[in-house]
2 protein chains.
Amino acid sequence: MTNNDTINNTERLARVLKVLGDSNRLGIALSIGKDSRSVTEIVNASGLSQTLVSFHLRIMREADVVRTERNGPFIHYSLSDPALLEVLFELSRMINGKRLRIEKTPEPTVKRAAELKTGKALK
Amino acid sequence: MTNNDTINNTERLARVLKVLGDSNRLGIALSIGKDSRSVTEIVNASGLSQTLVSFHLRIMREADVVRTERNGPFIHYSLSDPALLEVLFELSRMINGKRLRIEKTPEPTVKRAAELKTGKALK
DNA sequence: GCCTCATATAAATAACTACTCATATAGTAG
DNA sequence: CTACTATATGAGTAGTTATTTATATGAGGC
């Protein structure tokens, strides 16, 4: 592996991180999830204007974060690699830590949740 | 967890992603790695100006991506959560796929490295 | 063909970001 | 205290980005 490859890999990674580093786009990615969603669905879920959603979807498309598929008058968007979600959840866990997770929290036990409520686990 | 928490979690995640979504900052984070590096070391490793490195380090510090510790005249920076590296490597693997890894590849065996050299593993 | 719905694109702009250059602060040695 | 090294900060700026408004394209039904 040449040094140049490393640079390019870093840059490619940075590009994707930047694309996801906008809360509107991140929200869109999370709302697509493992599924496939039409623009209208995304618009409704996000509360953003159709134009703005299309704008962000284009950026995500060009960064190859999402894929499109036409279905009649609809264009359905899905994550190019749904495994992205796991990475995002993991990062979210790291960042939001004891503050719980993004979306429906998948695994915290009742006991753990109780600790969080009392602030006991927050140090 | 209220809906508001979700929004805040998403925003916090986006903020960190944005911080890492600049190739200079990402490079700095990767060059710090599991270690602790002085500003001068980072400057030398990155080839960026001291001012620019300090500028980016401040952004990373304020996003809590890095921590500082003073040692005499030096200020050493380290990743707040070194596990961040694994997440970045995983994402990099997803993105750069068969195109090899970032930095010194941590784990590929000799055999694997040989395959990579011949391009055999690149499909 | 025309109408409607779904989506994309273009242009304009305000806000933000990375960067440079100059300067300041802080630690250590003498 | 002075000199030197290490690091941070402030001001200025060019370039980028998110957003809005207006308009275009494209598919399906009539």
Side-chain angles (χ1 to χ4, degrees), chain A residues 7 10-32 35-80, chain B residues 7 10-32 35-80:
Chain A
I7 288 167
T10 303
E11 243 148 47
R12 269 190 292 271
L13 178 54
R15 229 173 283 140
V16 170
L17 289 169
K18 177 179 269 174
V19 166
L20 295 169
D22 174 275
S23 49
N24 283 339
R25 286 193 289 266
L26 181 58
I28 289 173
L30 292 172
S31 91
I32 291 176
D35 301 345
S36 187
R37 303 261 228 152
S38 73
V39 177
T40 303
E41 288 175 312
I42 296 170
V43 167
N44 292 334
S46 64
L48 303 175
S49 73
Q50 180 264 314
T51 314
L52 188 53
V53 168
S54 276
F55 167 80
H56 285 305
L57 283 174
R58 197 230 280 240
I59 290 171
M60 297 170 82
R61 216 192 309 134
E62 287 176 349
D64 214 46
V65 169
V66 295
R67 290 260 152 85
T68 60
E69 193 196 350
R70 179 141 224 153
N71 283 311
F74 300 95
I75 298 183
H76 282 93
Y77 282 80
S78 51
L79 297 181
S80 298
Chain B
I7 288 169
T10 303
E11 243 148 48
R12 267 190 293 269
L13 177 54
R15 230 173 283 142
V16 169
L17 290 169
K18 178 178 270 175
V19 166
L20 295 169
D22 174 275
S23 48
N24 283 338
R25 286 192 291 265
L26 180 58
I28 289 173
L30 293 172
S31 90
I32 291 176
D35 302 344
S36 187
R37 303 262 229 151
S38 72
V39 177
T40 303
E41 288 175 312
I42 296 170
V43 167
N44 292 334
S46 66
L48 303 176
S49 73
Q50 180 265 312
T51 314
L52 187 53
V53 167
S54 276
F55 168 78
H56 285 305
L57 284 174
R58 196 228 281 240
I59 291 172
M60 297 170 82
R61 216 192 309 137
E62 284 175 352
D64 214 45
V65 169
V66 294
R67 290 260 153 87
T68 62
E69 193 196 349
R70 179 141 224 156
N71 283 310
F74 300 94
I75 298 182
H76 283 92
Y77 283 79
S78 52
L79 297 181
S80 298

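In what follows, chains carry the letters A, B, and so on, assigned in the order in which the sequence lines appear, proteins first and then strands, with residues in each chain numbered from 1. Both backbone and side-chain heavy atoms feed into the values below; hydrogens, waters and symmetry mates do not.
- A donor-acceptor contact under 3.5 Å is not formed by the side chain of B:Q50 with the base of D:dA6.
- The nearest whole Å value for the distance from the CZ atom in B:R15 to the C1' atom in C:dT17 is 16 Å.
- Using a 4.0 Å heavy-atom cutoff across all strands shown, A:S38 reaches sugar-phosphate atoms only and no base atom.
- For the contact set between residues 73-80 of chain A and DNA chain C, defined by any heavy atom under 4.0 Å, the members are A:P73, A:F74, A:I75, A:Y77.
- Between the CZ atom of A:R61 and the C1' atom of C:dT9 there is a distance of 10 Å, rounded to whole Å.
- In terms of heavy atoms, B:V39 sits closest to B:Y77 at CG2-CE1, 3.6 Å.
- The side chain of B:H56 approaches C:dC19 more closely than any other nucleotide in the set D:dA18, C:dC19, D:dA8.
- The listed nucleotides are C:dT20, C:dT9, D:dT9; the one nearest the side chain of B:L52 is C:dT20.
- Taking atom CD of residue B:E62 and atom P of nucleotide C:dA18, one finds them 12 Å apart after rounding to whole Å.
- The shortest distance between side-chain heavy atoms of A:R37 and A:S78 does not fall below 4.5 Å.
- Between A:F55 atom CZ and D:dT23 atom C1' there is a gap of 17 Å when expressed in whole angstrom units.
- The shortest distance between side-chain heavy atoms of B:V43 and B:L48 does not fall below 4.5 Å.
- Going from atom CG of B:L48 over to atom C1' of C:dC19 covers 10 Å, rounded to whole Å.
- In this structure, the side chain of B:R25 engages the main chain of B:V19 through a donor-acceptor pair within 3.5 Å.
- Side-chain nitrogen and oxygen atoms of B:R25 include at least one within less than 4.0 Å of the OP1 or OP2 phosphate oxygen of C:dA18.
- Of the candidates D:dA8, C:dT9, C:dT20, C:dT20 carries the atom nearest the B:S49 side chain, counting heavy atoms from C-beta on.
- One atom, CD of B:E69, and another, C1' of D:dT7, lie 16 Å apart when rounded to the nearest Å.
- For B:K18, whose side chain is taken as the heavy atoms from C-beta onward, the closest listed nucleotide among C:dA18, C:dT17, D:dT17 is C:dT17.
- Screening B:T51, B:I42, B:V66, B:D22 against B:H56 for a side chain to side chain contact (heavy atoms under 4.5 Å, CB included) leaves a single residue, B:D22.
- Judged by distance alone, the side chain of B:S80 and the main-chain N or O of B:D64 form a donor-acceptor pair under 3.5 Å.
- Backbone-only engagement by B:T40 is indicated by non-hydrogen atom pairs under 4.0 Å involving sugar-phosphate atoms exclusively.
- Rounded to a whole Å, the CG atom of A:N44 is 13 Å from the C1' atom of C:dC5.
- A heavy-atom distance below 4.5 Å is found between the side chains of B:I28 and B:M60.
- In terms of position on DNA chain C, the residue among A:S54 and B:N24 whose nearest nucleotide sits closer to the 5' end is A:S54.
- D:dT19 atom C1' lies 13 Å from atom CD1 of A:I28, rounded to whole Å.
- When each of A:D22 and A:R70 is assigned the nucleotide of DNA chain D bearing its nearest heavy atom, the one mapping closer to the 5' terminus is A:D22.
- Remark: the backbone N or O of A:I59 is not paired with any side-chain donor or acceptor of A:E62 at under 3.5 angstrom.
- Nucleic acid contact class of A:L57 (heavy atoms, under 4.0 Å, all strands): none.
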